[in-house]
Amino acid sequence: MQEPTFNPFSQDELILGIKSNEPKVLKWLYQSQYPKIEKYVVANNGDEDQAKDIFQEAFITVWNNVRSDKFIPENGTAVPGYLYQIAKNKWLDHLRSSKYQKTTNLETTHDRSEEEESNSESLQNHMAAEFKKLGENCREILKRFYFQKQTMETIAKAFQWTEATARNNKYRCIQRLKEKVNTLKH
Amino acid sequence: MDTTDNISQQEFERIESYILGLMTDEEKKSFEEERNLDPKLRANVKDIKVLLQEVERVSLKESLDEYHSELKATPVVPMLPQKQFNWKPLAIAASVLLLLAVSFWVFVGTSTDNEKLFVAYYLPDPGMVTAMGLQTNYEFDRGMVDYKTGDYQAAIARWEKILAQKPDNDTLNYFLGSAFLAVGDPDQAKSYLEKTTQNESSIFYKEAFWYLGLTEVKAGNFESAKPLLEKSGKPEALELLQKIKN
């Protein structure tokens with residue numbers, strides 16, 4: 001069972017916050033929901049590291065589904081409840097996987113259709129690795145623009161560049177990433 | 001696929017603006033027509049789209065790790081019941097309380113009577129639940145998220161931007177006033193709150209009088225505060241009126 005949580009945001013604010021990567025909303029959602037999943041995983045043959053992995057995977061699934069409008073909330077606890085349910089399901093899937101076949105008396109199966117169609121996990125891992133290999137400036141500029149949705153003007157100021165330089169650097173960083181990913185494909 | 005390497009910056013920015021939804025309807029339409037006829041452009045759009053999504057996802061993952069280590073370092077949200085008694089949070093709480101007590105003492109000790117009264121009665125408006133969906137309210141709602149998390153400066157920055165289009169909106173004026181008061185700028189607050197009180201049908205009408213009254217109390221203008229507090233109709237206002245009469 002899920003414990004009631006004090007929720008400072010309305011459902012609309014949560015949805016909007018997720019769609020715009022509002023750090024306050026993302027952070028609240030993460031920090032208010034994680035302890036429950038850790039408790040659940042630790043009580044069900046897992047440890048804290050596994051809880052963290054499963055929860056972050058679930059978080060990204062929820063983030064994707066909210067953004068693609070696959071998930072539309074119905075009531076006040078919908079988003080946190082949805083996150084909790086997905087994380088729990090992912091953990092149950094993990095327990096059911098070959099390594100944990102012995103564990104049988106765990107709850108019912110669930111509908112997988114609501115979760116992401118896991119698109120090529122290996123590509124995602126490569127991308128993450130390549131992204132980390134980019135220079136500090138490249139990572140920062142891409143993160144600021146595509147994730148934090150900062151304007152080029154703000155970014156240029158932060159780096160003490162002109163806006164034209166900032167745009168050119170962004171382009172070059174993307175090119176570099178693109179080349180690396182393309183070589184991987186072949 | 002090999003042909004998608006090495007596109008110009010201009011071409012990249014055009015594709016990017018399509019993916020991020022920054023094109024006008026007209027630009028979008030002609031872009032899509034072109035894309036449907038050009039397999040190379042189609043491949044580029046697809047590749048760049050995946051790339052940008054992944055950049056966003058990897059950035060999110062980094063943020064999640066930050067939230068996680070923060071959570072592990074300082075238990076800010078209610079944690080699970082713990083078996084052994086953990087002294088650390090208590091020690092932190094105690095030092096925070098001590099710090100608060102000291103700063104309160106310093107503050108109150110050096111402030112005047114009117115400021116003491118203001119501090120005793122002032123509580124920022126907790127903010128409102130926003131009903132989003134309308135495009136036009138987007139900035140306002142984003143600002144409300146800032147406001148409710150105590151980031152009043154960020155809220156002010158967002159709201160001031162939309163004030164030009166809606167100079168008479170009572171909700172906007174009221175919360176701008178409230179945010180300025182919260183950051184300790186009663187003069188700015190006053191002008192916005194006064195604007196709110198010009199609209200008698202506003203649901204913030206009485207609240208606005210209450211906060212206006214409080215700004216006068218803070219400034220030591222008890223005579224000007226009286227009629228404002230009376231109009232607020234708040235039970236605390238009667239109490240405060242009694243106090244400033246003496």
Side-chain angles (χ1 to χ4, degrees), chain A residues 3 5-6 8-13 15-17 20-36 38-39 42 48 52 55-56 59-60 63-64 119 123-124 127-128 130-132 139 142-148 167-168 170-172 174-175 177-179 181-182 185-186, chain B residues 1-2 4-13 15-16 19-20 44 47-48 50-72 74-81 126-133 137-138 141-142 144-146 148-151 154:
Chain A
E3 294 149 34
T5 320
F6 169 69
F9 301 112
S10 73
Q11 212 51 231
D12 285 340
E13 284 165 344
I15 297 288
L16 180 79
S20 57
N21 297 326
E22 172 59 51
K24 285 165 191 143
V25 169
L26 296 177
K27 186 168 153 180
W28 175 82
L29 186 61
Y30 190 99
Q31 298 189 338
S32 67
Q33 298 308 303
Y34 174 74
K36 294 177 204 164
E38 184 180 286
K39 193 176 172 185
V42 170
E48 281 190 24
K52 180 186 167 192
F55 182 72
Q56 294 199 348
F59 196 101
I60 292 172
W63 180 75
N64 273 326
N119 52 353
L123 174 72
Q124 292 195 351
M127 282 285 307
E130 291 302 334
F131 184 77
K132 289 203 170 85
R139 286 204 311 270
L142 296 182
K143 185 174 179 176
R144 280 170 183 255
F145 186 75
Y146 296 109
F147 179 69
Q148 298 174 345
R167 276 170 51 196
N168 185 251
K170 170 165 69 72
Y171 161 73
R172 285 197 297 199
I174 283 285
Q175 273 305 108
L177 196 57
K178 195 155 160 270
E179 279 158 23
V181 175
N182 277 356
K185 278 196 215 158
H186 302 302
Chain B
M1 281 297 206
D2 302 76
T4 64
D5 278 350
N6 300 322
I7 56 169
S8 70
Q9 180 177 346
Q10 201 188 4
E11 180 65 353
F12 165 72
E13 284 177 353
I15 296 175
E16 177 192 59
I19 293 170
L20 299 180
N44 271 324
D47 282 6
I48 292 172
V50 172
L51 211 57
L52 300 192
Q53 277 169 354
E54 285 307 299
V55 166
E56 222 183 324
R57 198 184 55 85
V58 175
S59 303
L60 172 71
K61 181 76 174 61
E62 283 182 359
S63 298
L64 297 187
D65 287 335
E66 276 166 33
Y67 304 152
H68 195 89
S69 36
E70 208 178 285
L71 189 63
K72 290 291 163 187
T74 48
V76 270
V77 270
M79 295 289 287
L80 331 169
M128 63 192 272
V129 171
T130 52
M132 279 178 281
N137 283 336
Y138 181 89
D141 295 345
R142 284 289 305 264
M144 191 50 79
V145 171
D146 293 325
K148 283 201 267 193
T149 49
D151 194 348

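Order of the sequence lines sets the chain letters (A, B, ...), proteins ahead of strands, with each chain counted from 1.
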- Between B:Thr149 and A:Glu22, is a side-chain contact (heavy atoms from CB on, under 4.5 Å) present by the stated rule, with each step listed? CA-CA 12 Å; B:Thr149 49; A:Glu22 172 59 51; over 6 Å; no
- Under a 4.0 Å N-O cut-off, is there an ion pair linking A:Lys24 with B:Asp146? yes
- Query: Out of curiosity, B:Leu60 CG to A:Asn21 CG, how far, rounded to the nearest 0.5 Å?
  - Reply: 6.5 Å
- Item | B:Arg142 and A:Leu16, any side-chain heavy atoms less than 4.5 Å apart | yes
- Distance in Å, B:Leu71 CG paired with A:Ser32 OG, rounded so as to fall on 0.5 Å steps: 9.5 Å
- Query: Using 30° and 60° as the class limits, which term best fits the ring planes of B:His68 and A:Tyr30: parallel, tilted or perpendicular?
  - Reply: perpendicular
- Should the pair A:Glu38-B:Lys72 be classified as a salt bridge under the 4.0 Å nitrogen-to-oxygen rule? yes
- Does the pair A:Gln56 and B:Asp65 meet the rule for a side chain to side chain donor-acceptor pair (under 3.5 Å), with working shown? CA-CA 9 Å; A:Gln56 294 199 348; B:Asp65 287 335; 3.1 Å; yes
- Task: Could you go through the side-chain contact (heavy atoms from CB on, under 4.5 Å) check for B:Leu64 and A:Ile60 one step at a time?
- Result: CA-CA 9 Å; B:Leu64 297 187; A:Ile60 292 172; 4.1 Å; yes
- For the pair A:Lys143 and B:Glu56, find out whether any cationic side-chain nitrogen is under 4.0 Å from an anionic carboxylate oxygen. no
- Task: Please assess A:Gln175 against B:Ile7 for the test side-chain contact (heavy atoms from CB on, under 4.5 Å), listing each intermediate value before the final yes or no.
- Result: CA-CA 8 Å; A:Gln175 273 305 108; B:Ile7 56 169; 3.9 Å; yes
- Item | Gap between atom OG of A:Ser10 and atom CE of B:Met144 - 0.5 Å precision | 10.5 Å
- Message: I'd like to know if the side chain of B:Glu54 and the backbone of A:Ala128 have a donor-acceptor N/O pair within less than 3.5 Å.
- Response: no
- Message: The test is side-chain contact (heavy atoms from CB on, under 4.5 Å); show your working for B:Gln9 and A:Arg172 and say whether it passes.
- Response: CA-CA 8 Å; B:Gln9 180 177 346; A:Arg172 285 197 297 199; over 6 Å; no
- Note on the structure: Residues at least two apart in sequence or cross-chain that pass side chain to side chain donor-acceptor pair (under 3.5 Å) with B:Glu16, listed by chain then number, are A:Tyr146, A:Lys170
- Item | Separation of B:Ile48 CD1 from A:Lys178 NZ (nearest 0.5 Å) | 5.0 Å
- Item | Residue part contacting chain B, namely of A:Glu48, when any heavy atom lies under 4.5 Å | side chain
- Message: At a heavy-atom distance under 4.5 Å, which candidate from A:Phe131, A:Trp63, A:Phe145, A:Phe55 has the highest pair count against chain B?
- Response: A:Trp63
- Query: More than 12 non-hydrogen atoms from neighbouring residues, nucleotides or ligands closer than 6.0 Å to CZ on B:Arg57, yes or no?
  - Reply: yes
- Check against salt bridge (Lys or Arg N to Asp or Glu O under 4.0 Å), A:Lys27 and B:Glu70: CA-CA 10 Å; A:Lys27 186 168 153 180; B:Glu70 208 178 285; 2.7 Å; yes
- Message: For A:Arg144, give me all partners under side chain to side chain donor-acceptor pair (under 3.5 Å), at least two apart in sequence or on another chain.
- Response: A:Glu140, A:Gln150
- Mind ranking A:Asn168, A:Leu142, A:Val25, A:Leu177 by heavy-atom pairs under 4.5 Å with chain B and telling me who comes out on top? A:Asn168
